Novice: 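This is the structure I have questions about; it appears just below.
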Amino acid sequence: MSKISKIIDTAVKVNGSIDKKLRLDKTDEQFYENHVVHTDNDKYTYESLTETASFLRKQVPFKPVIGIICGSGMGAYWNQGCLADALDGKIQFPYEVIPHFPRSTVKGHVGELVFGYLTGVPVVCMKGRFHYYEGYPLWKCAMPVRVMKLLGITHLIVSNAAGGLNPNFKVGDIMLVKDHINLMGFAGNNPLQGPNDDRFGPRFPPMNTAYSKELIIEAKKVAEELNMQDIIHEGVYTCLGGPNFETVAELKMLSMLGADTVGMSTVHEVITARHCDLTVFAFSLITNLCITNYKTASNPNHEEVIDVGKMRESVLQLFVQNIVTVIAKQANK
Ligand SMILES: O=P(O)(O)O[C@@H]1C[C@H](O)[C@@H](CO)O1
């Protein structure tokens with residue numbers, strides 16, 4: 001029996017209704033068509049995402065050059081104060097009106113794609129993102145990145161709220177992400193899993209240069225100009241599936257692995273962005289300190305995450321605004 005028919009045999013056992021005749025002589029392609037057991041990302045083809053992009057393009061009279069993902073640390077989940085609200089000439093699309101788009105499922109979470117100008121630069125912001133813990137597979141959480149690519153962006157700015165593992169970090173600090181640990185990928189869960197469409201990018205993309213070194217240097221300069229240098233760090237982010245916060249033992253392990261912040265997003269978005277050759281800049285807002293001992297009785301919670309986001313709202317907006325200006329200047333050189 002070939003490898004493929006063995007896999008299909010397993011699928012037959014899992015989904016009893018599958019026709020056993022299909023076990024014979026299947027090619028890889030037919031296998032994906034008929035028997036994708038873990039994922040159906042083959043339905044989100046280049047063509048269907050192009051439909052999404054053309055729906056948006058028809059209604060937006062300018063081409064965004066930078067995509068910005070506003071997470072919990074950047075006001076995505078309260079009504080005012082998100083960077084997306086500060087854009088000039090805003091055009092907003094609730095996620096539910098956009099063809100093929102997932103919906104934000106968490107109660108109270110705003111989900112909108114917002115187009116507009118930030119310091120004169122055309123951008124598109126995701127006000128709220130999709131998380132694995134909402135029940136979406138990773139490729140679906142990250143599909144808006146491909147849509148933004150099709151809309152014409154060249155750069156992606158990704159923000160997240162995260163727990164600070166590095167003992168030098170304080171609540172309210174910002175960590176520029178220089179690298180990540182794709183922990184879910186260790187278990188074979190990856191947004192690029194499934195058939196690869198070369199029009200997006202290669203089957204085996206590199207990730208050692210995922211985060212733009214140049215933009216990290218520029219962001220540090222911006223931080224100095226804004227007198228924020230004391231709250232800026234550089235480090236490694238790791239993403240777990242959530243929604244629970246981590247145990248003490250898990251955090252100790254992550255710390256030993258070299259993670260400086262822990263969150264529930266970003267990694268799959270960045271992998272998808274690098275796959276389609278976007279330049280990436282990402283940062284974590286430290287909304288809580290990870291508890292790595294058994295004596296501490298307090299618990300991390302989503303409310304403090306939101307509160308710290310609100311506290312840093314204006315600083316982060318200014319920071320991102322300045323980075324957008326730098327990117328636009330570089331692009332025009
Ligand atoms: O969407 P991000 O990664 O910014 O938000 C983090 C992860 C969870 O969604 C939430 C936990 O409080 O914050």
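Since the structure is predicted, the reported quantities are computational estimates derived from the model, not experimental observations. Order of appearance sets the numbers: ligands from 1, and atoms from 1 within every ligand. Starting from 1, each residue takes its place in the sequence as its number.
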Novice: Is it the case that the side chains of His268 and Tyr132 hold a donor-acceptor pair, with the cut-off being a distance below 3.5 Å and no angle test?
Specialist: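 Note: Tyr132 and His268 side chains miss the donor-acceptor criterion.
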Novice: Considering both backbone and side-chain atoms of Asn160, is one of its nitrogen or oxygen atoms within less than 3.5 Å of a nitrogen or oxygen in ligand 1?
Specialist: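 Looking only at distances, the answer is no, because the N/O contact criterion of under 3.5 Å is not met.
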Novice: Examine Arg199 relative to Tyr46 and say whether NZ or CZ is less than 6.0 Å from the centre of the six-membered ring and inside a 45° cone about the ring axis.
Specialist: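 Because its charged atom sits under 6.0 Å from the ring centre and within 45° of the axis, Arg199 does stack over Tyr46.
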Novice: Is it the side chain, the backbone, both or neither of Met74 that has a heavy atom closer than 4.0 Å to ligand 1?
Specialist: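 Neither part.
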Novice: Should the proximity of Phe245 to ligand 1, defined as any heavy atom under 4.0 Å, be assigned to the side chain, the backbone, both, or neither?
Specialist: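 Just the side chain.
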Novice: Looking at Val305, which atoms of ligand 1 are within less than 4.0 Å of one of its heavy atoms?
Specialist: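 Heavy-atom distances to Val305 below 4.0 Å select 12 (O), 13 (O).
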Novice: One thing to verify: whether Asp277 and Lys149 come together as a salt bridge, which I'm taking to mean a side-chain N less than 4.0 angstrom from a carboxylate O.
Specialist: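 No, this pair does not count.
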Novice: Would you mind running through ligand 1 and noting each atom that sits below 4.0 Å from a heavy atom of Gly71?
Specialist: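 Here the atoms of ligand 1 in question are 4 (O).
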Novice: Please check if the distance between the ring centroids of His131 and Tyr136 is under 6.0 Å.
Specialist: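 Ring centroids of His131 and Tyr136 are no less than 6.0 Å from each other.
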Novice: Just checking Phe115 against Phe93, ring centres under 6.0 Å apart?
Specialist: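 Yes, close enough.
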Novice: Is it possible for you to say whether Leu165 and Val305 belong to one hydrophobic cluster, with membership spreading through side-chain heavy-atom contacts below 4.5 Å?
Specialist: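 No, separate clusters.
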Novice: Without hydrogens or angle criteria, can the side chains of Thr279 and Ser212 be said to hold a donor-acceptor pair below 3.5 Å?
Specialist: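 Ser212 and Thr279 do not have a side-chain donor-acceptor pair below 3.5 Å.
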Novice: Can you find an N or O of Ser159 that's nearer than 3.5 Å to an N or O of ligand 1?
Specialist: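 Looking only at distances, the answer is no, because the N/O contact criterion of under 3.5 Å is not met.
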Novice: Based purely on interatomic distance, does Ser265 place a nitrogen or oxygen under 3.5 Å from a nitrogen or oxygen of ligand 1?
Specialist: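 Between Ser265 and ligand 1, an N or O pair is found under 3.5 Å apart.
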Novice: Is the closest heavy atom of Ala161 to ligand 1 under 4.0 Å?
Specialist: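 Flag set, Ala161 near ligand 1.
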Novice: Which of the numbered atoms in ligand 1 are below 4.0 angstrom from a heavy atom of His131?
Specialist: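 Heavy-atom distances to His131 below 4.0 Å select 1 (O), 2 (P), 9 (O).
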Novice: Pick whichever of Glu269, Glu304, His302, Arg129 has a heavy atom sitting closest to atom 11 (C) of ligand 1.
Specialist: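 Nearest heavy atom to atom 11 (C) of ligand 1 lies in His302.
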